[in-house]
2 protein chains.
Amino acid sequence: MYTETAMLRLGAPLRASERAYRQLRGEILNGLLAPGAALLEVEQAERIGVSRTPLREAVARLIADGLVVGRRGRGFEVTDISVDSISELYELRQALEVQAIRLAATRREPAPFQELREAFVTAPELLDQGDLGVHRYYALIDEFEDAVDAAVENPFLVGALRAVRTHLARIRRLARSNPRRLRAAAAEHLLIIDAIIAGDPSLAAHATHIHLHQSLLSVLAAIKEDSER
Amino acid sequence: MYTETAMLRLGAPLRASERAYRQLRGEILNGLLAPGAALLEVEQAERIGVSRTPLREAVARLIADGLVVGRRGRGFEVTDISVDSISELYELRQALEVQAIRLAATRREPAPFQELREAFVTAPELLDQGDLGVHRYYALIDEFEDAVDAAVENPFLVGALRAVRTHLARIRRLARSNPRRLRAAAAEHLLIIDAIIAGDPSLAAHATHIHLHQSLLSVLAAIKEDSER
DNA sequence: GATCACATTTGTGTATACAGAAACCGCAAT
DNA sequence: ATTGCGGTTTCTGTATACACAAATGTGATC
């Protein structure tokens with residue numbers, strides 16, 4: 001049935017279960033599969049074009065990620081995002097990021113953060129360049145997170161952070177940040193990066209604390225605004 | 001993260017995948033399946049008495065738990081525990097527990113912690129009563145953790161903590177604590193409990209920080225001692 | 001005796017068949 | 001109109017068969 005030429009390590013040797021996982025995960029993260037959406041094994045297997053076995057494996061991973069919950073007897077459904085759950089997620093996020101930043105400030109190689117610093121200085125200009133600029137800005141944040149992860153050198157901590165970021169991606173979708181907030185966030189990031197470069201864990205931790213506090217306020221405000229409209 | 005409670009009525013026969021998961025997990029945690037042990041699907045499926053499909057589901061969950069890693073091409077193996085990984089785990093643990101304790105001190109209902117306090121006061125006596133006493137002591141710690149989890153009321157945070165505790169169980173096995181350390185730990189717990197009762201998040205957090213610091217030192221010392229013998 | 005080609009074995013990834021349980025529907029009885 | 005009951009349908013959980021890849025063994029050839 002599967003006459004794909006050899007398992008090319010780089011190309012498209014994705015297993016069916018992997019394809020199913022990525023597709024479902026992507027659809028959940030970008031909101032195509034809305035919270036509460038009920039999904040059935042056969043239905044989804046058919047839609048994605050894999051059989052039930054790999055689909056079940058994919059769903060098991062999504063459940064482990066906390067993106068999906070099994071329903072008694074009747075398939076599974078996409079977890080929903082309540083305002084309470086956002087605050088709860090941020091309580092976890094704060095603990096993890098503060099610790100990560102603290103360790104990064106202790107262990108970092110300054111060079112990559114110097115580069116990031118220069119990029120973040122130009123971030124406000126970036127944010128004047130419309131959608132493309134905003135996209136570039138988010139890419140910058142990703143780079144920053146990668147640099148922190150690399151500096152932390154702790155698979156447990158980085159793994160936990162990655163799980164949190166998965167949920168954050170969904171939250172960002174339903175609470176689009178406004179440009180003013182993004183500009184403020186860029187300044188906050190700059191402060192954090194400076195603290196990391198300076199090798200000052202305590203300053204970096206506190207700057208992160210504040211950044212996340214503001215971030216949560218902004219998200220909650222955006223959601224409240226949306227729901228009142 | 002499975003919600004098996006909803007799925008399984010009391011006494012109902014466990015699903016094969018659930019049986020396989022619990023058995024393998026138990027065997028890994030108590031060291032029966034040693035770190036590095038190579039496991040093959042067919043072999044394990046036969047041994048446990050389930051077919052390959054549920055076994056694969058069980059293994060997928062173990063991989064998500066971080067207890068098992070897939071090997072390139074050839075089966076899977078139990079993750080090993082290096083000294084480095086213990087320190088790394090404690091870096092994550094510290095972030096989570098400090099946050100949890102902080103929140104618990106803020107949100108707690110004092111009553112259950114008052115009860116725990118009384119129990120912990122008698123802990124030193126317990127530790128003079130041999131193996132049974134030690135066992136009772138560990139049960140007390142579990143109660144404390146449950147009380148904290150309940151007070152925290154944050155599924156994300158509690159979930160992350162549970163994952164950490166899974167790995168701690170393995171570490172405890174290979175670094176048996178001595179009675180002196182346990183007595184000191186009991187005193188540290190008492191301090192934490194008092195801070196929670198007093199509703200003093202900062203004091204509780206710092207007491208936790210110190211407790212975990214001592215705990216890590218003790219674990220590392222015990223391992224060093226073992227490896228030198 | 002060494003090396004290469006090829007067959008055999010072993011093991012994973014996937015599809016599918018089958019059984020049992022839960023939800024659904026219609027009908028009857030109150 | 002509502003509730004209780006049985007048959008039907010649908011869906012999951014499990015076993016198993018098959019395909020393909022990797023590792024291993026074996027024999028022929030030099």
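All heavy atoms count here, side chains included; hydrogens, waters and symmetry mates do not. Reminder, nothing fancy here: chain letters follow the sequence lines and each chain counts from 1.
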Residue among B:His213, B:Glu97, B:Gln99 satisfying side-chain contact (heavy atoms from CB on, under 4.5 Å) with B:Thr208: B:Glu97

Phosphate contact (C:dG13 OP1 or OP2) by B:Arg56 side-chain N/O below 4.0 Å: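 Result: yes.
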
B:Asp149 bridged to B:Arg165 by N-O distance under 4.0 Å: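 Here B:Asp149 pairs with B:Arg165 in a salt bridge, since their nearest N and O are under 4.0 Å apart.
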
Test: A:Glu18 and A:Arg22 ion pair at under 4.0 Å: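 A:Arg22 and A:Glu18: salt-bridged.
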
Pairs where residues 149-175 of chain B contributes a residue and the test ring pair (Phe, Tyr, Trp, His ring centres under 6.0 Å) is met, not counting sequence neighbours: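 Sorted result for residues 149-175 of chain B: A:Phe156-B:His167, A:His167-B:Phe156.
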
Atom-to-atom span, [atom1] of [X] to [atom2] of [N] - whole angstrom:
{"X": "A:Glu77", "N": "D:dC11", "atom1": "CD", "atom2": "P", "result": "16 Å"}
{"X": "B:Leu39", "N": "C:dG11", "atom1": "CG", "atom2": "P", "result": "12 Å"}
{"X": "B:Ile63", "N": "C:dT12", "atom1": "CD1", "atom2": "P", "result": "11 Å"}
{"X": "A:Leu55", "N": "C:dT14", "atom1": "CG", "atom2": "C1'", "result": "12 Å"}
{"X": "A:Arg15", "N": "C:dG13", "atom1": "CZ", "atom2": "C1'", "result": "8 Å"}
{"X": "B:Phe76", "N": "C:dG11", "atom1": "CZ", "atom2": "C1'", "result": "12 Å"}
{"X": "A:Glu41", "N": "C:dA15", "atom1": "CD", "atom2": "C1'", "result": "14 Å"}

Listed nucleotide nearest any side-chain atom of B:Pro54, set D:dG13, C:dT14, D:dA15: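 From the listed options, D:dA15 comes nearest.
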
Distance (rounded to the nearest 0.5 Å) between B:Leu89 CG and B:Ile171 CD1: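 Reported value, rounded in 0.5 Å steps: 5.0 Å.
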
Between CG on residue B:Leu32 and CD on residue B:Glu27, distance to nearest 0.5 Å: 5.5 Å

Side-chain-base donor-acceptor pair under 3.5 Å for A:Thr53 and C:dT16: yes

Polar side-chain contact B:Arg52-C:dG11 base: donor and acceptor under 3.5 Å: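 Under the 3.5 Å cut-off, the side chain and the base do not form any donor-acceptor pair.
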
B:Arg170 and its side chain to side chain donor-acceptor pair (under 3.5 Å) partner, picked from B:Asn30, B:Thr79, B:Asp80: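 Per the side chain to side chain donor-acceptor pair (under 3.5 Å) rule, the option paired with B:Arg170 is B:Thr79, out of B:Asn30, B:Thr79, B:Asp80.
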
Contact list for DNA chain D against residues 42-51 of chain B - heavy-atom distance below 4.0 Å: B:Val50, B:Ser51

Close side-chain approach of A:Pro112 and A:Phe144, heavy atoms under 4.5 Å: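 A side-chain contact is absent here, since even the closest heavy-atom pair is not under 4.5 Å.
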
Trace of the side-chain contact (heavy atoms from CB on, under 4.5 Å) decision for B:Tyr138 with B:Arg172: CA-CA 11 Å; B:Tyr138 278 118; B:Arg172 251 184 235 121; 4.0 Å; yes

Please list each protein N or O that sits under 3.5 Å from an N or O in nucleotides 7-10 of chain C, with the distance.
none

